[in-house]
Amino acid sequence: MKTMSAVRYRGPGEAFVLSAVAIPEPGPGQVRIRVAACGMCHTELHLRDGLLDLGRRDFTIGHEVAGVIDAVGEDVDATRIGERVVVYYYEGCMHCAYCAAGDEHLCPQVAAQPGFISDGGYAEYMVVRARNCVTVPDHVSLTDIAPMGCAGTTAVHAGKLADITPGDWVVVHGAGGVGLAVLQYARHLGGRVIAIGLGAERLALAMSLGAEATIDAAAIADPAAEVMRVTGEGADVVFELVGKESTMRTSVAMLRRRGRLVLIGYSTDEFRVHPIGIIVREAHVIGSVGATLTDLHEIVDLVAKGVVRPLIDRTLPLTAFAEGFSAMEAQSILGRIVLVP
Ligand SMILES: [Zn+2]
Ligand SMILES: [Zn+2]
């Protein structure tokens with residue numbers, strides 16, 4: 001049996017471990033990818049810490065995967081061998097009403113979800129359904145596109161749910177990897193963006209990506225008042241990427257009437273606000289999780305055209321995954337860390 005290195009999830013509260021596992025063979029309808037790059041995501045910390053527990057154990061993590069198809073299973077066109085691809089990480093049942101509508105990310109009986117319930121891309125190879133592989137144009141690097149499979153698609157999906165129209169004031173509350181993608185997508189839709197984050201370097205980056213104003217969360221005591229000052233009446237849309245009780249409360253306070261609060265990031269904190277802040281504004285609170293295959297096609301296209309710029313903090317070898325998680329926990333990164341197996 002040929003083996004490869006893979007970073008394995010064992011269960012909530014347990015550290016990830018690098019193990020030798022069998023190199024997988026593609027089954028019917030599947031391809032095998034030689035992984036070129038896999039983005040590191042905060043969701044993996046939530047898995048490790050037990051905040052996110054989808055009930056499965058003992059699988060390889062990693063859902064922001066790009067690579068080259070190196071083998072195909074039955075019923076898959078062999079000419080796809082050699083194709084550069086990025087992975088859509090939901091494999092819906094394809095029978096339910098959600099899948100029929102293209103919302104595989106909401107499928108209650110998802111067949112596989114690489115990196116969340118089945119083997120993902122913190123490995124040299126992974127197997128995935130062929131239709132989940134989206135072609136990457138030659139001029140786009142696999143390292144750049146890998147994290148867009150999650151951070152970029154999340155931005156596109158949440159942006160659509162928020163129903164942004166040109167001229168809308170959009171607050172991006174949290175300027176990490178996903179936040180910077182949300183910022184760029186909101187600009188693409190014509191939104192006027194205010195970014196809230198920590199640190200001058202990160203906020204300067206937000207300005208360079210098209211934010212009209214930034215708020216340093218460490219320096220400004222009342223970010224909601226600052227948003228009111230800049231916008232006049234408040235934000236049409238607030239994307240909440242931090243998920244702390246205090247930031248969620250502040251996010252509600254900076255909405256204008258009929259504003260939309262889109263919850264994306266979360267922590268161990270609860271969403272605790274007095275309802276009057278939502279009632280008197282007729283505000284909408286929207287949850288956004290993952291994305292559709294269509295969203296992945298859209299973000300690949302936007303990256304290929306230079307509309308959305310992937311932001312890569314650094315690349316690391318697979319063996320240095322723990323160093324990557326430490327840097328993420330220290331909040332010392334700008335954009336995504338990408339593992340290169
Ligand atoms: Zn992710
Ligand atoms: Zn389904």
Side-chain angles (χ1 to χ4, degrees), residues 7 9 16 29 35 37-49 51-52 54 59-67 86-123 126 128-129 131-132 134 142-158 174 176-182 185 239 241-243 263-267 287-296 299-300 303 308 310-313 316 321 324-325 327-329 333 335-339:
V7 178
Y9 167 78
F16 296 124
V35 178
C38 187
M40 298 190 74
C41 182
H42 267 94
T43 316
E44 287 148 358
L45 294 172
H46 295 331
L47 263 181
R48 185 197 63 189
D49 298 340
L51 185 58
L52 177 70
L54 298 173
F59 56 83
T60 301
I61 58 167
H63 55 277
E64 307 186 351
V65 189
V86 58
V87 170
Y88 174 60
Y89 58 86
Y90 292 93
E91 298 184 35
C93 74
M94 307 314 285
H95 302 298
C96 73
Y98 299 102
C99 288
D103 290 324
E104 282 177 77
H105 64 299
L106 297 178
C107 176
Q109 286 155 319
V110 74
Q113 205 179 336
F116 288 103
I117 63 171
S118 54
D119 289 339
Y122 279 38
M126 77 175 264
V128 70
R129 203 163 56 182
R131 78 181 284 276
N132 285 50
V134 172
L142 294 175
T143 300
D144 275 354
I145 205 68
M148 290 290 104
C150 169
T153 55
T154 297
V156 169
H157 192 71
V178 177
L180 294 172
V182 170
Y185 190 66
F239 292 102
L241 295 136
V242 184
L263 301 175
I264 304 171
Y266 54 93
S267 68
S288 181
V289 65
T292 67
L293 179 58
T294 305
D295 295 328
L296 179 55
I299 194 71
V300 170
V303 171
V308 172
L311 296 152
I312 310 299
D313 180 88
L316 290 173
F321 72 92
F325 283 126
M328 284 162 64
E329 287 180 300
I333 59 173
R336 272 288 201 263
I337 298 175
V338 177
L339 295 178

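Only this structure's heavy atoms are used, side chains among them; waters, hydrogens and symmetry mates stay out. Whatever order the structure lists ligands and atoms in, that order sets their numbers, starting from 1.
Here the side chains of Val303 and Asp144 are not in contact, with every heavy-atom distance at 4.5 Å or above.
Angle SG(Cys150) to the Zn ion (ligand 1) to NE2(His63): 120° [nearest 10 degrees]. At the Zn ion (ligand 2), the angle from SG in Cys96 to SG in Cys93 is 110° when rounded to 10°. Computed with the Zn ion (ligand 2) at the centre, the Cys99 SG to Cys107 SG angle is 100°, stated to 10 degrees.
Summarising the geometry of His157 relative to Ser288, their closest heavy-atom pair is CD2-OG, 3.6 Å, with the distance given to 0.1 Å.
Within the coordination shell of the Zn ion (ligand 2), defined by N, O or S atoms under 2.8 Å, His95 is absent. Look at Cys41 and the Zn ion (ligand 1): an N/O/S atom of the residue is under 2.8 Å from the metal. For Glu64, the nearest N, O or S atom to the Zn ion (ligand 1) falls under 2.8 Å.
Residues Glu44 and Tyr122 have side chains that bring a donor and an acceptor to within less than 3.5 angstrom of each other.
Other residues, nucleotides and ligands contribute over 12 non-hydrogen atoms within 6.0 Å of the CD atom of Glu329.
Ring-centre distance between Phe16 and Phe325: below the 6.0 Å cut-off.
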